Amino acid sequence: MTTLRSVKGMKDYLPKEVPAYRRIEEAFARVMQRSGFREMRTPIVEPTALFVRAIGEVTDVVEKEMYSFQHHDEALTLRPEGTAGVVRAYLQNNLGNDEPVTKVFYQGAMFRAERTQRGRYRQFHQLGAEVFGDPSPAADADLLVTLVVFLREIGVSSPEVILGSIGGKATRAAFRESLVDFLTPKLATMSEESKRRILTNPLRILDSKHPGDRAACEGAPSILDVLDADDQSHFDALRRYLDALAVPYRVDRGLVRGLDYYSRTLFEIKGATEKLGAGDTLLGGGRYDGLVEELGGRATPAIGFAAGLERLVIATEENVAPPRIDVFVASEGAVGRALALANELRSHGISVECDGRGASVKAQLRRANAVDARFAIVLGDREVSDGVADLKDLAARTSTSVALSGMAAAAKAGLEGPPAAGEQAVSS
RNA sequence: GUGGGUGUAGCUCAGUGGUAGAGCGCUGGAUUGUGAUUCCGGAUGCCGCGGGUUCAAGCCCCGUCACUCACCCCA
């Protein structure tokens, strides 16, 4: 019999791994709110046209990675990224009329039909944020410093901020021509993809990993050298702010991005390369001053970013404290009383696992260890008739006799007390 | 989409064409009601799937699927 399997590239998030995801999601919400962002949620399904217009027709995402389908007379797509939907919602709900600056963050599933790899899935999750209405380099710097704080808070080892600029539309068009002029003589040694890309999207060649492409890009012109005066002063100011904030960064003269909507500031943060291999970009983003207007709104400067949740989890796995149960109630005969005791403790905010399987006390206590319970209580007919049971500290291997009526108070006191000797201290 | 690697017990993996294994985990007992340790016992396998070669295939050949790494691209 052929058992049903999950769709390729779409994984199950099992109970033992979910805490690692939750920890990061919660830290993200906390840090973003602290910086004045508010959460918003948008649909997973959007009109296909939204992504084509926002991301760009000749990008790889739109050309071959979207999950698109026809539903009756609508052309729909599972969102491959978050910015387009947020911009659409910003316009549709006239959020720009409520306030001059709108700062939002979001988290959710995204879909791209790519070949899978470590840290790269077809259904994956992004944490992202957008700032609308603030054209200043201060907005860029404030977003970046917030992100660095976030990454530090979740324990990313040595995040590497990479900074670039691709100027405005006119600058980019001019640069594109000079880059094509530079690369065309070297076409012979370049990859097949790049030979095609020189016509469609030549900037992308700059971050190719193909050895021939890299050699060809040696000494290529950098867009940083042809920025116009406004782009240049924006970039310079951003760097001054980052320096003042003590945010370390590296300028990459060849940094480009796959989506068409970016302008001026571009950034990426890498980290934990040893764990992530080729997919070590934890987070990427930049300014997209033209997109809101492109999608039919009034001209509104904006900047945003998106981080890959799965990658953040891989990068910080070792920081997750395993979930614990406070009290494990083992039963011997008196299952009904065990349930009652368990629920009484729960009503005091104590997490309780109650074992009513009828297994041996030994097997039940083994399970108490397996769920990493702090305390265990064996409740049998004897305890019920005596009105007294042992509260066992599993780590310390000690045991105190406690009246059932005072069990909740005793357990609470034990949980709030210092960890027993020999117990591994769990950092938050 | 292109190119490599790997598929054997729940997990990590040995296995020279000739009777499928180890460690860990799970489970029962030693202790008739007390968990980490120790000792003794037990269960778990269409060896990914389908063909082929052979007296004989986990092992060789072909195909296929899955996983994985890199490229492409990206978070």
Side-chain angles (χ1 to χ4, degrees), chain A residues 1-3 5-9 11 16 55 59-65 80-83 107-128 147 191-194 196-197 201 204-205 207-214 256-259 267-271 276-285 304-315 328 330-334 355 358-383 389-399 422-424:
Chain A
M1 154 172 158
T2 60
T3 48
R5 297 185 56 88
S6 63
V7 173
K8 185 185 183 68
K11 67 190 214 109
K16 71 174 177 215
I55 299 171
T59 56
D60 288 86
V61 169
V62 168
E63 277 179 339
K64 51 188 194 193
E65 293 172 1
E81 57 98 49
T83 298
Q107 25 189 310
M110 308 291 162
F111 301 83
R112 287 183 204 174
E114 299 176 277
R115 187 75 162 249
T116 57
Q117 205 179 107
R118 182 164 185 78
R120 198 173 71 191
Y121 308 94
R122 291 184 171 186
Q123 175 178 333
F124 61 106
H125 297 77
Q126 286 190 334
L127 313 176
L147 297 181
S191 69
E192 291 307 311
E193 289 87 357
S194 291
R196 192 172 47 80
R197 262 187 319 222
N201 206 341
R204 312 306 332 286
I205 297 171
D207 69 350
S208 171
K209 288 175 197 161
H210 183 276
D213 292 350
R214 294 197 97 121
V256 290
R257 302 204 69 73
L259 314 183
F267 58 84
E268 253 174 40
I269 302 183
K270 292 174 181 279
L276 282 161
D280 64 344
T281 302
L282 298 174
L283 160 175
F305 87 98
L309 178 57
E310 285 78 4
R311 290 183 184 182
L312 293 176
V313 166
I314 292 169
F328 190 97
S331 62
E332 181 72 24
D355 195 328
S360 69
V361 170
K362 177 185 196 163
Q364 292 186 64
L365 285 178
R366 251 205 301 262
R367 216 183 128 218
N369 278 327
V371 301
D372 199 23
R374 178 75 194 281
F375 295 102
I377 300 165
V378 177
L379 197 77
D381 297 323
R382 196 169 73 209
E383 283 78 9
D390 283 350
L391 182 63
K392 301 171 67 67
D393 184 319
L394 289 172
R397 261 157 278 144
T398 57
S399 182
E423 185 175 357
Q424 191 88 34

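Keep in mind that what you see is a predicted model, and the values were worked out from it rather than measured. Order of the sequence lines sets the chain letters (A, B, ...), proteins ahead of strands, with each chain counted from 1. Just so it is clear, the values below take in all heavy atoms, side chains as well, and ignore hydrogens, waters and symmetry mates.
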* Close side-chain approach of A:Leu147 and A:Phe267, heavy atoms under 4.5 Å -> yes
* Contacts of A:Arg367 that satisfy salt bridge (Lys or Arg N to Asp or Glu O under 4.0 Å) - sequence neighbours left out -> A:Glu353, A:Asp355
* **Sequence-aligned protein contact record of nucleotides 33-41 of chain B, with B where the base is within under 4.0 Å of a protein heavy atom and S where only the sugar-phosphate is** => BBBB-----
* Could you check whether A:Tyr121 gets within reach of a base, just the sugar-phosphate, or nothing at all, counting any heavy atom under 4.0 Å? => base
* Roughly how far apart, to the nearest Å, are B:A9 and B:C59 at atom P? -> 15 Å
* To do: Quick one: the dot-bracket string of RNA chain B, using Watson-Crick and G-U wobble pairs with both distances under 3.5 Å, [ ] for crossing pairs and | for bases paired to another strand.
  => (((((((..((((....[..)))).(((((.......))))).....(((((..]....))))))))))))....
* Round to a whole Å and report the spacing from CG of A:Leu283 to C1' of B:A75. => 8 Å
* Structure fact -> Walking RNA chain B from its 5' end, the first of A:Lys270 and A:Ser6 to be reached, judged by nearest nucleotide, is A:Ser6
* Asked: Looking only at atom types and distance, does a side-chain atom of A:Arg311 sit under 3.5 Å from a main-chain N or O of A:Leu282, one as donor and one as acceptor?
  -> no
* NA contact type, A:Ala306, heavy-atom cut-off 4.0 Å: base, sugar-phosphate, or nothing? -> sugar-phosphate
* To do: Check every atom of B:G28, B:A75, B:C69 against the side chain of A:Gln126 and return the nucleotide holding the closest atom.
  => B:A75
* **For atom CD of A:Gln117 and atom P of B:C67, their distance in whole Å** => 14 Å
* To do: Using the P atom as the reference point in each nucleotide, state the distance between B:U6 and B:G10 in Å, no decimals.
  => 23 Å
* Distance, P atom - from B:G63 to B:A70, rounded to whole angstrom -> 26 Å
* **Partner residues of A:Thr83 under the side-chain contact (heavy atoms from CB on, under 4.5 Å) criterion, sequence neighbours left out** => A:Glu81, A:Val87, A:Tyr106, A:Glu130, A:Tyr261, A:Tyr288, A:Leu291
* To do: Specify the separation, in whole Å, of atom NZ of A:Lys209 and atom C1' of B:A70.
  => 9 Å
* **Same-atom distance (P) from B:A20 to B:C47, integer angstrom** => 11 Å
* To do: Look at all strands and tell whether A:Gly119 reaches a base, only sugar-phosphate, or nothing, counting heavy atoms closer than 4.0 Å.
  => base
* To do: Could I get the full list of side-chain hydrogen bond (donor to acceptor under 3.5 Å, both in side chains) partners for A:Asp372, not counting sequence neighbours?
  => A:Arg324
Look for any protein N or O under 3.5 Å of an N or O in nucleotides 2-4 of chain B and output each such pair with its distance, or none.
from: B:U2; atom 1: O4; to: A:Arg115; atom 2: NH1; distance (Å): 3.0

* **Listed partners of A:Glu310 passing side-chain hydrogen bond (donor to acceptor under 3.5 Å, both in side chains), at least two apart** => A:Tyr13, A:His125
* Asked: What is the nucleic acid contact for A:Glu65, judged by heavy atoms within less than 4.0 Å: base, sugar-phosphate only, or nothing?
  -> sugar-phosphate
* Which value, in whole Å, describes the distance between the C1' atoms of nucleotides B:U19 and B:C13? -> 22 Å
* If only side-chain N and O atoms of A:Thr116 are considered, is one of them under 4.0 Å from the OP1 or OP2 phosphate oxygen of B:C67? -> no
* **Spacing of the P atoms in B:U64 and B:G28 (rounded, Å)** => 47 Å
* Taking C-beta and beyond as the side chain, do A:Phe328 and A:Asn369 meet within less than 4.5 Å on heavy atoms? -> no
* When you compare B:G1 with B:U8, how far apart are their C1' atoms, in angstrom units rounded to a whole number? -> 32 Å
* By salt bridge (Lys or Arg N to Asp or Glu O under 4.0 Å), which residues pair with A:Asp390, not counting sequence neighbours? -> none
* Structure fact -> A:Lys64 meets the salt bridge (Lys or Arg N to Asp or Glu O under 4.0 Å) criterion, sequence neighbours left out, with A:Asp60
* With sequence neighbours left out, what residues match A:Lys362 under side-chain hydrogen bond (donor to acceptor under 3.5 Å, both in side chains)? -> none
* Side chain proximity check, A:Arg122 to A:Val7, heavy atoms < 4.5 angstrom -> no
* A:Asp213 or A:Glu268: which one's nearest nucleotide on RNA chain B is closer to the 5' end? -> A:Asp213
* Interatomic distance, A:Lys8 NZ vs B:C65 C1' [rounded to whole Å] -> 9 Å
* Using a heavy-atom cut-off of under 4.0 Å over every strand shown, decide if A:Ser399 touches base, sugar-phosphate, or nothing. => nothing
* With A:Glu114, which residues qualify under side-chain contact (heavy atoms from CB on, under 4.5 Å), at least two apart? -> A:Glu65, A:Arg112, A:Arg120
* Structure fact -> When rounded to whole Å, the NZ to C1' distance for the pair A:Lys11 and B:A75 reads 14 Å
* **Whole angstrom value for the distance that separates P of B:C69 from CD1 of A:Ile314** => 8 Å
* **Nearest-angstrom distance, P atom, B:C62 to B:G3** => 16 Å
* What residues form a side-chain hydrogen bond (donor to acceptor under 3.5 Å, both in side chains) with A:Gln123, not counting sequence neighbours? -> none
* Give the rounded distance in Å between these two atoms: CD1 of A:Ile205 and P of B:C71. => 17 Å
